[in-house]
Every structure is written in C-alpha cells, then in structure tokens.
Amino acid sequence: MRSCRALQATAVVKSSLQLKLKISTEDTCISLIKQCHTLKSLKALHASILRSLHLHLHSLTNLISHYASLGSISYAYTLFSHCNSFSNDAFLWNVMLRGLVDNAHYHRSFLLYTRMPYLHIAPDNFTFPFLLKACASLRILNLGSQLHAHAFLYGYSSHVFVANSLISMYAKCGLFPVSERVFDKMRQRSIVSWSAMIGACLQCGFHEQGLLLFTRMLDQGIKPNRASILNATACVRRENAAHQMHRVIMDNVLDNDQSVQNATMLMFARCGRIDLARSLFDGFTNKDLVCWASMIDAYARADLPLEALLLFNQMRLQCVLPDSITLLAVIQACSILASLHLARTLHAVIFRCFLECQLVLDTAVLDLYMKCGSLTYARKVFDNMKGRNIISWSTMISGYGMHGHGKEALHLFYQMKALIKPDHVTFVSILSACSHAGLINEGWECFDSMVRDFGVTPTSEHYACMVDLLGRVGQLNQALEFIEKMPVRPEAGVWGALLGACRIHSNVELAEIAAKSLLNLDAENPGRYVLLSNIYASLGKRREAYRIRNLMKSRGVKKKVGWTSIEIKGKMYTFVAGDRANPEMDLIYSELGKLMERIRQEVYIPDVSFVLHDVEGETKEMMLYAHSEKLAIVFGLIKLGHESSIRITKNLRVCDDCHTATKFISKVTGKEIVVRDSQRFHHFMNGTCSCGDYW
C-alpha cells in the first residue's frame, strides 16, 4: 500500500515537473490555455501557471477570455479584478467587456464601461461594438444613442467595426432610417458592413430592399460570405428570386455549408415550393438537428402538419434527440391539427426529453392545449408552472378569449396586474378576449388604462381590437372615425377588422373604403379578396364580385385550399370540398343528404349567394352540401356514435352557410359541435354558437 502511494506521489511530481517545463514560455502557456475544453482542466492549468510563471498581460487576457468562453464569468471577473498592474490597459477591459456581453451579462458590461473614464482608460474601436451588441440585445435605444455619441467624441463613429455594430443596433431598436444613414456615410465598407445592412432590412421587414442591397453588393464585385447569404436568403419571398439566390450560392461554392443548406431549404419552403425544399432535404448527406428542425418547421408553416409529424417520427427513428426548437415546431404542427390525443402524446415526449420543463415549452404546451379546445388541460399546465412570465399569462388570457370566455380572461388579467406589469402583448390578448365575448365597456376600460395606468403606447394591433369591438355593435361609422383619428398609420389588421364588420352588417360602402387600403397594404393575402368578393356576392353584386376574383388572379394571388380535419380514436381524417378520397364517402354523402333534409325541416335555408359559379340553384346547394366542414361533421356523427361532442378544425375562416348549418345540426342531433377555424373557437349547442354570429 505504501509503495503504491509512493509511486503515485512520484507520478504527481513528474507530471508537475513536466507541466512546469511545458509552460516555461508565454507562447506555450497560451497554447495550453486554448487546449482546455473544461472548466476543471483550465483551473488546474491556471494553478500550475501561478506556481511556475509570472503572468504577462497576454497570458492573463487569454485566461480571462477562456474562463468567460467556458461560462465562468465569476472566475473571469475575479481574475480581472486582481490585475492591478495592468488595470489601465484598454485591451484587458475589452476582453472583460466581451466576456460579459457574450454571457448575456449586459447590465454588468454597462457598469464596467462607466468605470473606465474614472480610471482614465479611453475606449477604442473594439470597446464600442461589444457595448452596442448589449444595447441591441436589450433594445435599449437611449443608451445605444449615448454610446454612438461617445464613439463620435472619441473619433471612432466612422470606424468600420463600430459602424457595423451601429447599423445592427439601430435596426434592432426599430430605427431603420438611422441604420441606413450610418451605412450611407461609411467611407469604407467591409463584407460585414453589407451583411449588417442586409440584416437590418430583414430585421425591419424591408425584404425587397434587402435583396436590392444584396444585388448592389454583387454588382460592385464583392464576394458574398456566409452571413450575407444567410441574411439575403431570409429576405427572399418570391420563387424567381429564390432560384436566382440558389444560383448565387452555387456559383460561390457555399452550397456545402450546412447553415446555408438549411437557409436555402427554408427559402424555397417560404416561397411556396415545399417540394423543392424537401428535395434539397433528401439530398443532404449529413442531416444535423437544425436541418431536421428546419424541415419540420417548414412543413408546419406551409400548413402541412401531418407531413411535419411524420418527419418528426422519422427523426426519432434515426435516434436524433429533439431540442426545444424542434419541439416548438412540432407543437406548431399539432396546434394546426388541434388533435387533443396528439397534444397529450407530445406533452409526454416533452416531459421525457426535458425532465426540468423549460418555461418556453411549458407556455407552448399551454397554447397547444388551448388550440386543441381543452381549457381544462391548459389551465392545469398553467397552474403547475414553476414560474410564469408575461408570455405565459398573456397566452392563458388569449386562450380564454379564443373560446369566448371573456369574463374568465378579465379575471385572470386582474390577477396578473397585481403581480406583473402587463405589456403590449398582454393588452392585445385582453382586448381580443373582450372583442370575442362582446364586452364593449370592459374593452374600452382596458384600452384607456394602457397609457393611463401602465404607460403602454397603443399599436396598430390594439386599435384593430377596438375597431372590432365597435364593429360588433354595428357602430361602423364610429369605427371609421376612430381609424381616421389614430395617431399611427393604420395597418392591414385595422382595415381587416373594419372589413370583417362590414361583412356582418352588409355595409358595402365602408367595405370598399377598407378594401382599397387593404389591397395595397396586404396585396398577397387571399383572404382579403375573398371576403370583399363575398360581401359583393351577398348583396347580389355579382359583377363586382367577379371583378375582385379576377383582380386576385391577375396579381397571382392564390386562394388557400380549404380543409377540415377530425380526430377519430387517435387518427386524423382530413376532408376537402367535394371530397371522394375516403373509402366511406358513399355512406358519408348518403347520411349527409338525410341530415340536410332534417335541418331543412327546421327552416334551414342554404345561403347560395357566395357560390359564384354560373350553375342552377339546385347545383349550387349541392356544392354547399359538399363543403369540408359538413363532410367532417357527418363523418364524426357516423363514427363517434353516442359521444356527446364532435370536434373539427378548419384551416380557413368557416363560411357563413356552414356556420348556419352547424347551428341547425347541433339542434337536431343534440350534439355539442366544437369548430376551430382561423379566427376563433365556435361552440355550437342547441342551435346557437358561442361567437354570437360574429367572427
């Protein structure tokens, strides 16, 4: 035993001597520091360095930097604080600032910066980019502007590193014109400058401008790098531009870069070419987790939830463990289907993957249960959360609103106010809840309290909720007057709320005013054209209705294919209008005919005004009978038998005739029928709907 201990001691001494020999020079010391991949190994090396070598500035800064890169800000800062002999060196301070910012200790970085003038340490062109990054992350415009002024005073505002950071900071703080001004005034621009400016365009939603800037950069003979390609691909919204961008990627031999591959795949998916996106995905030899997550997310965004879930299962079979980002994309796919069975299954998967649930996943699961129509499960998730942030509260409030439970939403809002200050998202949730439930007075009180009690400036979204409230009670002229007096420019949501109100109250004059703005602001949204066309059709103005449909075609705007899904014993079934794909379609149409006859006896009259096809009235009625909502409901009645409720999901807004027919179906069958469409939940019971016929 003693001999073993002696041998061990000898080995330790030899190892120590070898390490001392290794770190006898500063260059070797720095090389060894960079080879440490764990905090434990770095601490051991640090101890040996202190025993064998006097620390020079370069070794010291490398140690501080490496401690920070391994996430140990406390060790890095302690070491920095004891560097008395180098305390006036700007490089050392920059290293510490960078460590703080890279580890998201933004406020500490600002405090450290404020100490520099008192110690007569002048910041340089490397100091400001770190601090501006912190301002951008926190969206603190005032401090960012002050740092810009400091950079100007020290003569660094036009330096390329500083200017690049200013471009990004102003864009993230919402001041795109200032980003443009900084970029235009730059005497020298690097590829990073161009990339930052294209990123600013992307950040602020100026996609076309971002692409024009990218083209301008190429025309000047500047070779694109990975970052500029990633920003430019994210700006692409049209298929022809996507193909051009793909050629640029190929020409510059960036097509083997995994990040660029994923961005290219998402670009084609965003432009409506999910088939090309999948083709690229299948061609990738090394699929990392980001690649799988990107394709799953692309399917979910393309309204193809079943494909997203199938791919997720394939990913799991490949033994690729999902992360929170992948699971969020899968949750999005499940929420489209509104399948409670799938929601519960996915919740179990999340629980197994993340035993300590992350707040973002908890909130997403809460939202999923809401969209699957289960307020009970959603509330359980909410009540069991270890911590709640403002998004959690807002999601629960919004969920109550989607289901028409305005009083419950208000009660939760009042609870929240006592604990957390509501923000602009919370107010959108509560105003929307008041609108869905028809709580006019309460809605106005919440709107007035935004600035008065909480200092929240109303945005276009809040004004849209108020227009919806006014529209609900038929105050359309007041709604238009409210829009005209808005201190901000009305966006598409505001005019869309007015157009929706005009549909309910058959006001074609105001509908035309709303549509004129909408078809400019939201020209690629097919729903706007369809809604205006339907308003004309309902009033017998078929020529105008055809004109709007033709305008939609001439602009290349395609109407989304409507579908309705229903879950039967854990399996999803999807129907489209006039469907013949289901093996039991003969039985479905037979039962549908009988059901239509029953509700006709209850004075149901088909609303054929929206059918623009030039056919006989009886044929128009048959076209209405074959709508996907009715097919799914009848299939549910056949398969679910004695179950008290039927739940279906429509990917678009439920049409007027199906809404009316479903009220009658709930009356003659005695069933509760829950319909989730793109607007809200409709709970049909005994011939009435929870939406009060306003949606």
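Only a predicted model underlies this, so the values are computations on that prediction, with no experimental measurement involved.
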Residues in ring pair (Phe, Tyr, Trp, His ring centres under 6.0 Å) with Y369, at least two apart?
H347, Y377
Could you tell me whether a side-chain N or O of H436 sits under 3.5 Å from a main-chain N or O of A433, the two making a donor and an acceptor?
no
Tell me, please, which residues at least two apart from F284 pass ring pair (Phe, Tyr, Trp, His ring centres under 6.0 Å).
none
What are the two closest heavy atoms between D522 and A492, and how far apart are they?
CB-CB, 3.8 Å
Take atom CZ in R273; do more than 12 heavy atoms of anything else shown fall under 6.0 Å from it?
yes
Would you say that more than 12 heavy atoms from the other residues, nucleotides or ligands in this model lie under 6.0 Å from the CD of E524, or not?
no
The test is side-chain contact (heavy atoms from CB on, under 4.5 Å); show your working for I605 and T660 and say whether it passes.
CA-CA 9 Å; I605 301 171; T660 302; over 6 Å; no
Which residues pass the salt bridge (Lys or Arg N to Asp or Glu O under 4.0 Å) test with D257, sequence neighbours left out?
R226
Do any pairs count as a salt bridge (Lys or Arg N to Asp or Glu O under 4.0 Å) and have a residue in residues 397-411, sequence neighbours left out, and if so which ones?
K407-E442
For side-chain contact (heavy atoms from CB on, under 4.5 Å), just list the numbers for M416 and R388, CA-CA rounded to whole Å, side-chain angles, deciding distance to a tenth of an Å, and then say yes or no.
CA-CA 10 Å; M416 176 194 165; R388 300 183 192 121; over 6 Å; no
CD1 of I566 to OG of S339: how many Å apart, nearest 0.5 Å?
11.0 Å
Short question: side chain of S432, backbone of S429 - any donor-acceptor pair under 3.5 Å?
no
Are the side chain of T264 and the backbone of V260 linked by a donor-acceptor contact shorter than 3.5 Å?
yes
Check side chain to side chain donor-acceptor pair (under 3.5 Å) between Y604 and all other residues, then give those that pass, not counting sequence neighbours.
D657
Extract all donor-acceptor atom pairs below 3.5 Å that involve side chains of residues 419-426 and protein atoms in other chains or at least two apart in sequence.
from: K421; atom 1: NZ; to: F454; atom 2: O; distance (Å): 3.1
from: D423; atom 1: OD1; to: V425; atom 2: N; distance (Å): 3.1
from: D423; atom 1: OD1; to: T426; atom 2: N; distance (Å): 3.0
from: D423; atom 1: OD1; to: T426; atom 2: OG1; distance (Å): 2.9
from: T426; atom 1: OG1; to: S394; atom 2: OG; distance (Å): 2.9
from: T426; atom 1: OG1; to: D423; atom 2: N; distance (Å): 3.4

Ring pair (Phe, Tyr, Trp, His ring centres under 6.0 Å) with H659: which residues, sequence neighbours excluded?
H682, F684, W695
Got more than 12 heavy atoms from elsewhere within 6.0 Å of CZ, R301?
no
If you define the side chain from C-beta out and look only at heavy atoms, does anything of C434 sit under 4.5 Å from L410?
yes
Sequence neighbours left out, what pairs pass salt bridge (Lys or Arg N to Asp or Glu O under 4.0 Å) with at least one residue falling in residues 678-695?
K663-D693
Salt-bridge contact E591-K594 (side-chain N to carboxylate O under 4.0 Å)
yes
Look up atom CE in M396 and atom CG in D367, then write down how far apart they are to the nearest 0.5 Å.
10.5 Å
How long is the straight-line distance from CD1 of I430 back to OG of S435, given to the nearest 0.5 Å?
11.5 Å
Tell me, with the steps shown, if K417 and D453 meet salt bridge (charged side-chain N to carboxylate O under 4.0 Å, His left out).
CA-CA 11 Å; K417 286 197 299 182; D453 300 334; 5.9 Å; no
Note: V654 and E629 closest approach over all heavy atoms is CG2-OE2, 3.5 Å
So, N103 side chain and H105 main chain: donor-acceptor pair closer than 3.5 Å or not?
no
Any side-chain to backbone donor/acceptor pair from R139 onto K172? Under 3.5 Å, distance only.
yes
Output yes when a side-chain donor or acceptor of R647 lies under 3.5 Å from a complementary backbone atom of A338, and no otherwise.
no
Any side-chain to backbone donor/acceptor pair from H403 onto M370? Under 3.5 Å, distance only.
yes
Residue pairs meeting salt bridge (Lys or Arg N to Asp or Glu O under 4.0 Å), one or both in residues 279-288, sequence neighbours left out, come to R278-D282
Taking the side chain as every heavy atom from C-beta outward, state whether W444 and L470 have any atom pair closer than 4.5 Å.
yes
Does atom CG of D275 have more than 12 heavy-atom neighbours, drawn from other residues, nucleotides or ligands, at distances under 6.0 Å?
yes
Is the distance between the ring centroids of W393 and F382 less than 6.0 Å?
yes
Any side-chain to backbone donor/acceptor pair from N262 onto S259? Under 3.5 Å, distance only.
no
Solution key, residues 303-323 side-chain donor-acceptor pairs under 3.5 Å, sequence neighbours excluded:
from: D303; atom 1: OD2; to: N651; atom 2: ND2; distance (Å): 3.3
from: N313; atom 1: ND2; to: L309; atom 2: O; distance (Å): 3.4
from: D323; atom 1: OD1; to: I325; atom 2: N; distance (Å): 3.3
from: D323; atom 1: OD1; to: T326; atom 2: N; distance (Å): 2.9
from: D323; atom 1: OD1; to: T326; atom 2: OG1; distance (Å): 2.6

Please report the interatomic distance CG(N534) to CG(L499), rounded to the nearest 0.5 Å.
10.0 Å
Can you check whether D656 reaches R503 side chain to side chain, under 4.5 Å on heavy atoms?
yes
Please say whether more than 12 non-hydrogen atoms of neighbouring residues, nucleotides or ligands are located less than 6.0 Å from CZ in R238.
no
With sequence neighbours excluded, give me every salt bridge (Lys or Arg N to Asp or Glu O under 4.0 Å) pair touching residues 669-679.
none
Report all side-chain donor-acceptor pairs from residues 330-337 shorter than 3.5 Å, counting only partners two or more places apart or in another chain.
from: S335; atom 1: OG; to: Q332; atom 2: O; distance (Å): 2.7

Quick one, E602 and V668 - any side-chain contact, counting heavy atoms below 4.5 Å?
yes
Would you compute the distance between atom CG of N686 and atom OG1 of T669 and round it to the nearest 0.5 angstrom?
9.5 Å
Between T363 and S392, which heavy-atom pair has the shortest distance, and what is it?
OG1-OG, 3.1 Å
Distance-only donor-acceptor check, side chains S294 and D297, under 3.5 Å:
no
Is F664 close to R598 at the side-chain level, that is, under 4.5 Å between some pair of heavy atoms?
no
Looking at the rings of F447 and Y463, which for Trp means the six-membered one, are their centres under 6.0 Å apart?
yes
Does atom CD1 (I391) have a neighbourhood of more than 12 heavy atoms from anything else shown, all under 6.0 Å?
no
S666 side-chain N/O to G687 backbone N/O, donor-acceptor pair under 3.5 Å:
yes
How long is the gap from CG on N384 to CG on D362, to the nearest 0.5 Å?
9.0 Å
